[in-house]
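Residue numbers start at 1 and run along the sequence shown. For the numbers below, each heavy atom of this structure counts, side chains included, while hydrogens, waters and symmetry mates do not.
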Amino acid sequence: MIKKLYPNGKSKAFNVTYDDGVLQDIRFVELLNKYNLKGTFNLNSQLMESEFEWVHENGCVVKRLAKDKVLKLYEGHEIASHTLTHPYMDNLSEEEIMHELKTDKVNLEKLFGKEIKGFAAPFEYYSTLIDKCVKRCGFEYARIPEESRSFTPQSYYHKWRATVFHLDPDLDKFTNNFINTNEELALFQITGHSYDLDIENMWDKIENIFKEISADNDILPMTTINIIHYLKAMDNAEITDEYIKNNSNISLWYSIDGATLEIKPNDRVELLNR
């Protein structure tokens with residue numbers, strides 16, 4: 001029996017993808033680092049420039065982090081675009097959408113000194129036009145504002161859905177089910193905003209979830225782009241009754257009749273002696 005695995009022979013992967021780049025991210029990233037987990041942080045470069053802020057109805061101040069705060073804070077995690085100014089895009093022209101996406105990508109790449117490969121759509125809207133613009137800008141994936149409510153990895157990366165929003169009442173149930181699942185290449189991805197953890201008094205809850213995930217040695221923390229690169233490589237592998245051929249430039253991992261096997265980049269493993 002052949003079963004696909006994540007790197008280092010892990011059967012499951014975990015990620016958080018959080019939006020806006022706000023002050024509460026400082027405490028949130030400290031929690032991720034404490035439990036050796038990986039986050040994807042989706043930022044609006046122009047709002048970061050102005051340190052845009054607003055006050056929630058419960059009095060909580062939500063403020064964008066300044067540029068001089070983010071480089072050190074997000075070290076070791078993924079940065080993705082969330083548009084330049086976080087607009088409602090349902091009434092924007094193609095030219096305006098391209099400006100929001102492309103300018104934010106360029107700004108973030110200049111600030112962080114690396115290519116920005118992911119995009120997360122703001123608010124509750126995504127369209128065929130936005131999808132077209134995302135691809136034109138060279139983003140490898142787009143996270144849309146919908147839950148998959150599934151541990152099965154998706155195959156269309158430009159309409160990527162996280163598993164569950166962190167305010168979902170079934171969040172604890174999802175966590176427990178993920179820890180106990182035997183699904184192949186199971187993926188659990190939580191999305192939200194760290195300011196919600198203040199507003200809803202959820203810090204203890206999210207830390208307990210991180211603690212449970214971290215304690216499971218069969219779960220691999222990954223960024224969104226690393227997950228997608230790995231899934232693409234898996235999709236391009238050749239699996240027959242006689243061999244497995246890795247056609248990518250990264251190692252792929254499998255369980256073959258219960259034995260864990262790493263297949264090096266562009267290598268082929270014969271299965272005749274199984």
ask   = With ILVMFWY side chains joined below 4.5 Å, transitively, what does Leu47's cluster contain besides itself?
value = Val22, Phe52, Trp54, Val62, Tyr195, Ile199
Partners meeting ring pair (Phe, Tyr, Trp, His ring centres under 6.0 Å) with Tyr18 (sequence neighbours left out) = Phe28, His166
request  = List for me each residue that meets side chain to side chain donor-acceptor pair (under 3.5 Å) alongside Glu207, sequence neighbours excluded, and say none if there are none.
outcome  = Lys34, Tyr35
ask   = With Phe188, which residues qualify under ring pair (Phe, Tyr, Trp, His ring centres under 6.0 Å), at least two apart?
value = Phe14, Phe151, Phe178
task = Would you mind checking if Arg64 and Glu53 are paired as a salt bridge, meaning a charged N to carboxylate O distance below 4.0 Å?
result = no
query = Which heavy-atom pair separates Asn246 from Ile263 by the least distance, and what is that distance?
reply = ND2-O, 3.1 Å
Remaining members of hydrophobic cluster (4.5 Å side-chain criterion), Phe123 = Tyr88
query = How would you list all residue pairs meeting salt bridge (Lys or Arg N to Asp or Glu O under 4.0 Å) that involve residues 96-106, not counting sequence neighbours?
reply = Lys105-Glu109
query = Would you call Asp168 and Arg149 a salt bridge, taking side-chain N to carboxylate O under 4.0 Å as the test?
reply = yes
query = Which ILVMFWY residues can you reach from Tyr243 by hopping between side chains whose heavy atoms are under 4.5 Å apart?
reply = none
request  = Apply salt bridge (charged side-chain N to carboxylate O under 4.0 Å, His left out) to Asp131 and list each qualifying residue two or more places apart in sequence or on a separate chain.
outcome  = Lys135
ask   = Can you name the residues that form a ring pair (Phe, Tyr, Trp, His ring centres under 6.0 Å) with His77, not counting sequence neighbours?
value = Phe41
request  = Identify, with sequence neighbours excluded, every residue that meets salt bridge (charged side-chain N to carboxylate O under 4.0 Å, His left out) alongside Glu75.
outcome  = Lys72
key: Residues forming a side-chain contact (heavy atoms from CB on, under 4.5 Å) with Leu71, sequence neighbours excluded   = Leu111, Phe112
Salt bridge (Lys or Arg N to Asp or Glu O under 4.0 Å) partners of residues 85-94, not counting sequence neighbours, each pair once = Glu94-Lys132, Glu94-Arg136
